[in-house]
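Order of appearance sets the numbers: ligands from 1, and atoms from 1 within every ligand.
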Amino acid sequence: MNSCFTKFLLLIALAMLAGCNSRRAEENKDARIKVTTTVTMVADLVRSVGGERVLIETLMGPGVDPHLYKAAASDVTKLQRADVIFYSGLLLEGKMQDIFTDLARSGRRVFAVTDAIPKEKLSAPPEFAGHPDPHVWFDVTLWKLCLEAVVKGLAEADPEGREFYEARAAEKRARLDELHAWALQKSAELPADRRILVTSHDAYNYFGRAYGFQVIGLQGISTVSEAGLADVAKLSDFIKEKGIKAVFVESSVPHDTIERISRDTGAKIGGELFSDAMGTAGQMENGYDLGTYEGMIKHNLSTIVEALQ
Ligand SMILES: [Zn+2]
């Protein structure tokens with residue numbers, strides 16, 4: 001080979017190596033706390049508290065169903081290199097629980113944000129034999145309590161940031177108080193007898209309890225079990241009997257059964273609700289950013305109230 005060309009190749013190789021090294025040095029220099037989260041709602045909490053002090057990686061993006069989600073090898077790597085791991089808990093991420101337990105046992109900082117909610121505030125439907133309903137984020141007052149777990153976890157990894165985290169959590173609490181007041185007012189626009197919410201899976205029980213809706217989910221609290229034929233027929237009868245005007249599909253659950261019920265009963269599809277995953281960041285609808293927790297709550301409630309009017 002031409003020696004000039006060989007030198008040229010060598011130079012390129014050296015330049016690439018230098019690039020790699022400087023990139024690695026930059027990553028090491030990044031003083032931000034590395035956080036890995038599961039669902040987008042938890043990422044929203046961490047972002048609100050952590051601000052520019054944290055770098056967040058989220059395993060389950062928009063449209064992903066956490067009940068069914070299994071960790072890929074790349075997810076385990078993301079969990080292992082995190083300074084702190086936050087997940088929602090109460091078996092929402094049912095198929096990942098063993099991984100969290102193992103990581104915690106090996107001394108990693110692993111926090112279920114819902115651990116901050118007092119047990120007596122959780123609802124445990126009888127058909128779930130002792131398991132509490134994990135969908136707590138739909139009662140804004142319960143989700144607000146989870147901020148405490150985020151502050152605790154971040155301050156453990158970054159004690160110097162404690163005051164910063166506490167101040168930001170206090171700001172978020174104030175914003176969530178406003179959101180809760182807005183939600184109470186918005187749901188009151190609908191007469192009590194019209195407040196019946198029919199969706200694919202039982203994600204809205206806390207929502208119903210907080211904002212005065214009767215909630216009927218076709219699949220149980222988890223999407224792991226599928227709706228049986230008898231359930232579909234029973235629900236269709238109920239919709240016709242009550243004269244319910246609209247039923248709702250969910251962004252992270254297949255739409256087919258609810259669409260069939262809509263055809264069978266004449267109730268229209270009232271819109272797509274976000275249940276176990278938020279929308280994409282910056283995805284605007286009616287002025288709400290669906291990639292934020294506040295935007296998701298406002299979108300859901302506005303959609304429900306408008307369709308059932
Ligand atoms: Zn769910």
Side-chain angles (χ1 to χ4, degrees), residues 37-45 58-71 75 86-97 99-100 112-115 117 121-140 142-143 145-146 183 196-211 213-228 231-232 235 247-259 261 269-280 290-291 293 295-297 299-301 303-304:
T37 62
T38 54
V39 291
T40 45
M41 295 77 76
V42 173
D44 179 278
L45 277 187
T58 306
L59 301 184
M60 306 174 197
V64 175
D65 181 344
H67 301 289
L68 304 178
Y69 190 87
K70 288 191 190 119
D75 291 335
F86 290 106
Y87 64 108
S88 194
L90 301 175
L91 294 181
L92 175 73
E93 304 95 337
K95 297 188 188 299
M96 287 185 70
Q97 188 55 52
I99 299 177
F100 298 134
V113 299
T114 53
D115 276 355
I117 302 174
K121 288 187 189 276
L122 297 173
S123 86
E127 64 270 28
F128 277 81
H131 288 304
D133 181 345
H135 304 91
V136 290
W137 54 92
F138 283 125
D139 175 344
V140 178
L142 291 186
W143 198 234
L145 297 172
C146 298
I196 305 176
L197 176 62
V198 179
T199 58
S200 342
H201 94 294
D202 255 341
Y204 300 94
N205 290 318
Y206 292 107
F207 167 83
R209 192 174 79 177
Y211 306 110
F213 282 77
Q214 185 185 347
V215 175
I216 296 148
L218 192 51
Q219 289 169 261
I221 278 182
S222 158
T223 50
V224 171
S225 62
E226 281 176 33
D231 303 331
V232 173
L235 184 55
V247 293
F248 299 87
V249 291
E250 294 171 44
S251 65
S252 54
V253 183
H255 294 180
D256 33 351
T257 315
I258 284 290
E259 278 165 358
I261 286 176
I269 301 284
E272 185 181 61
L273 305 182
F274 293 89
S275 49
D276 296 359
M278 306 187 315
T280 310
L290 302 180
Y293 172 73
M296 169 178 80
I297 296 286
H299 161 85
N300 278 357
L301 196 47
T303 304
I304 293 166

Checklist entry - Are any N, O or S atoms from Asp276 nearer to the Zn ion (ligand 1) than 2.8 Å? => result yes
Next on the checklist: Between Phe274 and Asn300, is the side-chain contact (heavy atoms from CB on, under 4.5 Å) condition met? List the steps.
Outcome noted: CA-CA 7 Å; Phe274 293 89; Asn300 278 357; 4.1 Å; yes
Checklist entry - Is the Phe207 ring parallel, tilted or perpendicular to the Tyr204 ring (thresholds 30°, 60°)? => result perpendicular
Checklist outcome for this item: Residue set satisfying salt bridge (charged side-chain N to carboxylate O under 4.0 Å, His left out) with Asp139, at least two apart, ordered chain then number -> none
Item to check | Of all N/O/S atoms in His135, the name of the one nearest the Zn ion (ligand 1) | outcome: NE2
Item to check | Parallel, tilted or perpendicular: rings of Tyr293 and Trp143 (30°, 60°) | outcome: tilted
Item to check | Heteroatom of His201 nearest to the Zn ion (ligand 1) (N, O or S, atom name) | outcome: NE2
